Peer 1: 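Starting off with a structure, shown below.
Everything numeric here is computed off the predicted structure, so don't read it as measured data. In what follows, residues are counted from 1 in the order of the sequence shown. Indexing begins at 1, ligand by ligand and atom by atom, following the structure's order.
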Amino acid sequence: MKLSDKVNKLLKTKNLSDGELLELIKTDVFDEELFFAADKVRREHYGTDVYVRGLIEFTNYCKNDCYYCGIRHGNKKAVRYRLSREDIMECCREGYALGFRTFVLQGGEDPYYTDEIMCEIISSIRKEYPDCAITLSVGEKSRETYEKYFAAGANRYLLRHETADSEHYAMLHPNSMSLENRKRCLFDLKEIGFQVGSGFMVGSPYQTAENLLADLRFLQELIPDMIGIGPYLTHEQTPFADKENGSMELTLRLIAVLRLMFPYALLPSTTALGTIHPKGRELGLKAGANVVMPNLSPVNVRKLYELYENKICTGEEAAQCRGCLEKRVENAGYKIVTDIGNVKKH
Ligand code: 5AD
Ligand code: FES
């Protein structure tokens, strides 16, 4: 099937057959038609609006040992830090003044933050910023814990499934982790009432085109509000130190396909995309992404939250990132808005 026929079918039905999707994943042409269609659909739903999320990386301690991740427990060279509730509130204060209406608390799976401590943090933010969304990205927890977070005032949760193929999952994670539990978490979160985000890395070690197809199919089953993807990027202090980075081109193509399959979705143009190429985030927006997530963490800890090498924005103050992104987004033809940025109905 020709590319234009695939694009038309995607526009009409929001779906393709397995074979057609595999062809799209495997092609290596820069398919302007696909990007044009994705941009058209994003404009129909979101106009030129780009939502910003203030990312607060509040702990780089992690009990897990994912083979791809720089802050894995087994990385004894990582210098660890934790932010206190006061530190986090200070980040929110700065972020609010800069126009952020969503705060994303992201961290490793750090047992120091018991349910009690997490809920104290969440309810403090909720009390002070009733007009803001609180997004958590702190990994796999029990349903009870998720319920407590929700009751304390959190509204959104990001948990990438990473890969929807259980054999591939086992190549990226130690035995203590399973795709089954990851999926259990995602469906629990949804049932509880969180707006849920999932996603995967593009070009993670051993990933095949069939794996990516499984990722798309899994997302169709989950129907998430947010879908975050970015290229895999290597880190020296992991078992995958010698593995190659993922491809920007394939990441962009998949963003466009995701926009066409999930027209309503919130799709971030990720930091990993900005790290692999100086214009990566702009290209992500043009391919259909509509969210950016500038860093609000204190500058003195930024470099320590090193999931992968050469991460951008580790030296800039929050206000600098905000200004820089504003220009980048405008150059790409869109506009950052001061808005809670909820998902459009689907
Ligand atoms: N390269 C790219 N993305 C990574 N992540 C973790 N390690 C890496 C890496 N080396 C992603 C994972 C995780 C998210 C917070 O960051 O997909 O879910
Ligand atoms: Fe952080 Fe450009 S967005 S410096």
Peer 1: What residue and heavy atom of the protein are closest to atom 1 (N) of ligand 1, and at what distance?
Peer 2: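 Going atom by atom, the protein heavy atom closest to atom 1 (N) of ligand 1 ends up being Leu233 N, 2.9 Å.
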
Peer 1: Going by the angle between their ring planes, with limits at 30° and 60°, are Phe240 and Tyr67 parallel, tilted or perpendicular?
Peer 2: perpendicular

Peer 1: When the ring planes of Phe262 and Tyr264 are compared, do they come out parallel, tilted or perpendicular, using 30° and 60° as the limits?
Peer 2: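 Because their plane-to-plane angle is over 60°, the rings of Phe262 and Tyr264 count as perpendicular.
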
Peer 1: Using a plain distance cutoff, I'd like to know if Tyr232 has any nitrogen or oxygen under 3.5 Å from a nitrogen or oxygen of ligand 1.
Peer 2: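 No, there is no polar N/O contact under 3.5 Å.
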
Peer 1: So, is Tyr308 polar-close to ligand 1, with some N/O to N/O distance under 3.5 Å?
Peer 2: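 Such a contact does not occur with ligand 1.
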
Peer 1: In terms of atom number and element, which parts of ligand 1 are under 4.0 angstrom from non-hydrogen atoms of Arg160?
Peer 2: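 Once the distances to Arg160 are compared, the set is 11 (C), 12 (C), 17 (O), 18 (O).
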
Peer 1: Taking atom CD as the centre, does Glu180 end up with more than 12 heavy-atom neighbours from other residues, nucleotides or ligands that are less than 6.0 angstrom away?
Peer 2: no

Peer 1: Select the closest option to atom 6 (C) of ligand 1 among Tyr68, Tyr67, Tyr305, judged by heavy-atom distance.
Peer 2: Tyr68

Peer 1: Mark up the atoms of ligand 1 that fall under 4.0 Å of a heavy atom belonging to Pro231, in ascending order.
Peer 2: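 Those atoms are 2 (C).
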
Peer 1: Please determine whether side-chain hydrogen bond (donor to acceptor under 3.5 Å, both in side chains) holds for the pair Glu306 and Asn60, giving the CA-CA distance in whole Å, both sets of side-chain angles, and the decisive distance to 0.1 Å.
Peer 2: CA-CA 8 Å; Glu306 194 188 47; Asn60 73 349; over 6 Å; no

Peer 1: Does ligand 1 have an atom under 4.0 Å from some heavy atom of Glu162?
Peer 2: yes

Peer 1: Establish, for the pair Arg53 and Phe103, whether the NZ or CZ atom is under 6.0 angstrom from the six-membered ring centre and no further than 45 degrees off its axis.
Peer 2: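 Pair Arg53/Phe103 does not count as cation-pi.
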
Peer 1: How far is atom 16 (O) of ligand 1 from its nearest protein heavy atom, and which residue and atom is that?
Peer 2: Leu307 CD1, 3.5 Å

Peer 1: Do ligand 1 and Met201 have nitrogen or oxygen atoms that lie under 3.5 Å from each other?
Peer 2: no

Peer 1: Surrounding NE2 of His45 (heavy atoms of other residues, nucleotides or ligands, distance under 6.0 Å), is the total greater than 12?
Peer 2: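 Yes, the 6.0 Å shell around NE2 holds more than 12 heavy atoms from other groups.
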
Peer 1: Aromatic contact between Tyr129 and Tyr96, with the criterion being ring centroids under 6.0 Å apart: yes or no?
Peer 2: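 Yes: the rings meet the under 6.0 Å criterion.
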
